[in-house]
Every structure is written in C-alpha cells, then in structure tokens.
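The next block holds one structure in the form of structure tokens; read it before the comments.
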Amino acid sequence: MATNGEDNQNQVSRHQEVGHKSLLQSDALYQYILETSVYPKEPEPMKELREVTAKHPWNIMTTSADEGQFLNMLLKLINAKNTMEIGVYTGYSLLATALALPDDGKILAMDINRENYELGLPVIEKAGVAHKIDFREGPALPLLDHLIADEKNHGSYDFIFVDADKDNYINYHKRLIDLVKVGGVIGYDNTLWNGSVVAPPDAPLRKYVRYYRDFVLELNKALAADPRIEICMLPVGDGITLCRRIK
C-alpha cells in the first residue's frame, strides 16, 4: 500500500510530464469535464482537427479541448471581430476562434512553421472559415513592429491569443499592448507552465520545462505590475492569463 508521501510523489511526477494539459490533481475529474461539458459540445471540425493533431509527433503543442471551448465562448462574449494569434501549430485554437467570429471577422495568424498549419488547413477549409484567416509564416516580432509603425493599427484588435515561444512573451507584450484596443483582451497561454511555477529549486524538472519556467515567471510578474491592464489567471489547460487593456 502506497504511503501519503508516495502518493504525493506520484502526483508531482505525473504533473511534471510535459504535455499533461490539465492542472487538476485528478485525472478522473478532468476526464469528467471533457466528457460532460467539452466533447458533447465540441464542433465536429474541431473534433476532427483534434484527432488529426493527436497523430502528430509534437501534439503536445496543441491547445487542449477545454481551453478551445473556453476561447470560443470568450470570443462570442466579447463580440470579437478583428483578432490575432501568435503561434498556430495545426490550428486548433485558430479554428476555435474562426468558428466564433462573424462571417466578416478576421484573424491575423502567425507561425514559423507553415507545414504544421497546412496539416490542419483542410479541416479549416471544410469548416468554411478559411476566408477569415490571414496566415503569415515567419517570426512574429518583425511583423508586429511593422504593424506598430502604422498608427492606424494601434488599438485595432479586439482579441489577441499568444501561444508561442515563451522566451519572447515579454517582447510580445510590449508590442501587443499598443495593438489591442482599450477594453480588448490579450490571452497568454501556458502561464502556469506545467505547474512548474511553484516547483522548488531542486525539483526534478525536465530541461525544457526548467529553461522556459524563468521566462514564464518573468511574464507573470510583469503582467501583475502592468497598470495598463487588469488580469485574470485561470487554471484552464496549462494556465491562461487574460489581460484586459484599461488604458
């Protein structure tokens, strides 16, 4: 029979595995959420893309199904029309956004890998929402600088979702705060970073988790101190922080 210490260690070990998209301490509870709330309401194109992505060797990078559902509802609640996504992968969160926007809604989507995006593109096209997406391949920072150079882009975005290179999150925020409108929302994904943000210094973290943890911690501290936004950190997926620009 396992001791309490062994049980705790098993929990710690499991949640240090990169790719465990839920921060809940109970797998059964997370499965209950998926089966009761998420999967029965998941649009068929999103289900299809989720299943396609699951076969990809880097499927860890996809947005979790519960987070996709959350983003879809959030965009409807704020009546978003002009949006941006930095970090696309195969496009699960992108599809969740596209399905939520009105027919004339727009998404400026950026990723360094077009091949991954094209894996999900047939599903996006079949869903009838590809016309809403303007995909740009390459690093996001130069494109953001180009957008900022034109003042008509300032305050023009209703919603921006960031799920990309964590070591550039601070650099993204410095630019995105000018592009999102007052009252608009920026969502930063992975802000609880596999639970590692509260791990002790000697915790046996994977190198990948340990390396990016400091950047996530830096972002979280900066967002909390930024007077231009109000924030809400949610334990959905791997943690998402919503930032509503207030000035």
Side-chain angles (χ1 to χ4, degrees), residues 5-27 29-30 33 53-54 56-68 70-71 84-90 92-93 110-113 116 139-141 144 160-177 180 185-244:
E6 289 171 338
D7 286 339
N8 290 337
Q9 183 59 44
N10 288 338
Q11 289 286 353
V12 170
S13 297
R14 177 171 64 75
H15 285 284
Q16 286 170 358
E17 290 298 314
V18 174
H20 194 285
K21 284 292 184 177
S22 171
L23 294 166
L24 294 174
Q25 293 298 306
S26 166
D27 287 333
L29 185 56
Y30 182 54
I33 293 171
T53 304
H56 192 274
W58 286 98
N59 57 59
I60 171 58
M61 296 196 300
T62 193
T63 300
S64 63
D66 56 324
E67 187 172 6
F70 170 73
L71 291 173
M84 182 190 301
E85 181 160 333
I86 301 175
V88 172
Y89 186 42
T90 62
Y92 186 78
S93 57
M110 312 173 199
D111 200 288
I112 59 173
N113 190 317
N116 289 336
L141 289 175
L144 294 177
I160 301 172
F161 183 58
V162 184
D163 183 11
D165 43 334
K166 316 308 167 195
D167 44 346
N168 266 318
Y169 268 28
I170 285 286
N171 293 323
Y172 292 143
H173 185 68
K174 291 175 181 177
R175 293 158 172 81
L176 296 179
I177 196 67
V180 71
V185 176
I186 307 171
Y188 290 101
D189 201 17
N190 306 111
T191 53
L192 295 177
W193 198 230
N194 212 225
S196 68
V197 290
V198 294
D202 59 347
L205 302 177
R206 291 186 177 187
K207 290 182 180 179
Y208 172 73
V209 175
R210 183 176 297 280
Y211 174 76
Y212 287 106
R213 178 179 62 170
D214 289 344
F215 295 106
V216 173
L217 289 169
E218 179 188 17
L219 173 78
N220 292 340
K221 184 177 180 179
L223 295 181
D226 191 336
R228 299 167 296 180
I229 57 175
E230 53 188 14
I231 66 173
C232 179
M233 181 182 284
L234 300 170
V236 177
D238 191 31
I240 179 172
T241 299
L242 301 180
C243 308
R244 179 175 177 269

Please find the pair of heavy atoms, one from [X] and one from [Y], that lie closest to each other, and give the distance.
| X | Y | answer |
| --- | --- | --- |
| Leu242 | Gly187 | CD2-CA, 4.1 Å |
| Ser196 | Arg213 | O-CD, 2.9 Å |
| Asn194 | Asp238 | N-OD1, 2.5 Å |
| Cys243 | Ile231 | SG-CG2, 4.0 Å |
| Gly68 | Thr63 | N-CG2, 3.9 Å |

Minimum side-chain heavy-atom gap Val185-Val180 below 4.5 Å: no
Distance from [X] atom [atom1] to [Y] atom [atom2], nearest 0.5 Å?
| X | Y | atom1 | atom2 | answer |
| --- | --- | --- | --- | --- |
| Lys166 | Thr191 | NZ | OG1 | 9.5 Å |
| His173 | Thr241 | NE2 | OG1 | 11.0 Å |
| Met84 | Ile186 | CE | CD1 | 9.0 Å |
| Leu176 | Phe161 | CG | CZ | 12.5 Å |
| Leu141 | Asn171 | CG | CG | 5.5 Å |
| Leu234 | Glu67 | CG | CD | 9.5 Å |

Side-chain donor or acceptor of Arg210 paired with backbone N/O of Ala203 under 3.5 Å: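 Yes: the side chain of Arg210 pairs with the backbone of Ala203.
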Geometric class of the Tyr169/Tyr188 ring pair [parallel <30°, tilted 30-60°, perpendicular >60°]: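 Because their plane-to-plane angle lies in the 30° to 60° range, the rings of Tyr188 and Tyr169 count as tilted.
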Whether Trp193 and Tyr212 hold their rings parallel, tilted or perpendicular, with breakpoints at 30° and 60°: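 If you compare the ring of Trp193 with that of Tyr212, the planes turn out perpendicular.
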Leu29 atom CG, neighbour heavy-atom count above 12 within 6.0 Å: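 More than 12 within 6.0 Å, yes.
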Partner residues of Tyr172 under the side-chain hydrogen bond (donor to acceptor under 3.5 Å, both in side chains) criterion, sequence neighbours left out: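 Partners of Tyr172 under the side-chain hydrogen bond (donor to acceptor under 3.5 Å, both in side chains) test: Asp165.
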Pairing residues for Asp226 by the salt bridge (Lys or Arg N to Asp or Glu O under 4.0 Å) criterion, not counting sequence neighbours: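 Salt bridge (Lys or Arg N to Asp or Glu O under 4.0 Å) list for Asp226, sorted by chain: Arg228.
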Distance-only polar pair, side chains of Asp66 and Ser64, donor-acceptor under 3.5 Å: yes
Between Thr90 and Thr53, a side-chain donor and acceptor under 3.5 Å: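 Their side chains do contain a donor-acceptor pair, which is all the 3.5 Å distance test asks for.
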Chi angles and distances behind the side-chain contact (heavy atoms from CB on, under 4.5 Å) call for Tyr92, Asp163: CA-CA 12 Å; Tyr92 186 78; Asp163 183 11; over 6 Å; no
